[in-house]
Amino acid sequence: MKDLIGIKELSRQDIEEILNTAKAFKEVLQRDIKKVPTLRGKTAINLFFEPSTRTRTSFELAEKRLSLDVLNFSVSTSSVVKGETLYDTLKTIEAYNVDYIVIRHPCSGAAKFVANHTPACVINAGDGTNEHPTQALLDAFSILEIKGRLDGLKIAIVGDIIHSRVARSNLYLLSKFDTEIRFVGPPTVVPGYAPDNVKIFYDLKEGIKDSDVIMLLRIQLERQNAAFIPSLKEYFHVWGVKKDVFSYIKDDAIIMHPGPMNRGVEISTEVADSSRSIILRQVTNGIATRMAVIYLLTPREA
Ligand code: CP
């Protein structure tokens, strides 16, 4: 494939190939090998039109570990603020013969638009509420590392699902395996309908008590043009995952969060920093997973 725009268009076999390649890269990195010469002489640009901590830094590290030359495009200091269109920004970048474009954009479909207009490989680092495919891949990689499988697991996705591109990509990915997916949250932020393999819970305890994986989501206020929850304080009171959950969740249940997290809203500090939390492992696994994605893409001949 030339691009990774979404999980939706990947097969189970594609996903397994990416995860196996990520495993191999993680093993290389664990041998304290800082760089592999695989993509020496090629160039990547990270085009982030929205803020990012984890995705941007781990893409940059992944690119550097693959020996790519890396350009970071800062929207706030670019001519985008003077009204330059996405198309013209793309064509400008293309004039430098860039081989890989990583893009995060507030508009759903922006990554696909860019991919359709360039011979470079395009990786979607999050487009609006549509998809965040590398997050779902690193989440699956992290689950596999701990549980040894995806098939047969019950996975609860808790919180602001309707505004979450992470939830959407995870739904697509986990649905390609034999998993039971649970959407857990208040009715205002959980879809009212779901595919057959998804169960909906409007009660936190019911939704997570026998789940193997509990994946928490931030309330994405930046994507809400109306009040979907009464207040963050009330949300924490009713839906926040606090240390009391340890009295009823499975002993080997793991707690995940794609970040950035809001402590005291969807998660308490005791849970975020507990031994059940694999949040920082997810961050670490972002590098090997993104190396695998970049490595497996094939640029179109110009
Ligand atoms: N998970 C995630 O996309 O985090 P950032 O917004 O910090 O990149």
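Just follow the structure's listing: the first ligand is 1, and inside any ligand the first atom is 1.
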Heavy-atom donor-acceptor pair, R104 side chain to A125 backbone, under 3.5 Å: yes

Examine distances only and state if a side-chain atom of S169 and a backbone atom of H132 form a donor-acceptor pair shorter than 3.5 Å. yes

Quick one: list whatever passes ring pair (Phe, Tyr, Trp, His ring centres under 6.0 Å) with Y202, sequence neighbours left out. none

Please determine whether any non-hydrogen atom of G126 lies less than 4.0 Å from an atom of ligand 1. no

Are any of the heavy atoms in R104 under 4.0 Å away from ligand 1? yes

Nonpolar side-chain network containing I5, other nodes, edges under 4.5 Å: I45, L47, F49, L71, F73, V75, V80, L86, Y87, L90, I93, Y96, V98, I101, I103, F113, V114, V122

Hey, is R165 close enough to E50 for a salt bridge, meaning N to O under 4.0 Å? yes

Is it true that D252 and R276 have a side-chain N and a carboxylate O under 4.0 angstrom from each other? no

Specify the protein heavy atom at minimum distance from [atom]: its residue, its atom name, and the distance to 0.1 Å.
atom	value
atom 7 (O) of ligand 1	T53 N, 2.8 Å
atom 2 (C) of ligand 1	T55 OG1, 3.4 Å
atom 1 (N) of ligand 1	P258 O, 2.8 Å
atom 4 (O) of ligand 1	R54 NE, 3.1 Å

Mark up the atoms of ligand 1 that fall under 4.0 Å of a heavy atom belonging to Q135, in ascending order. 1 (N), 2 (C)

Nitrogen or oxygen of P260 less than 3.5 angstrom from that of ligand 1: no

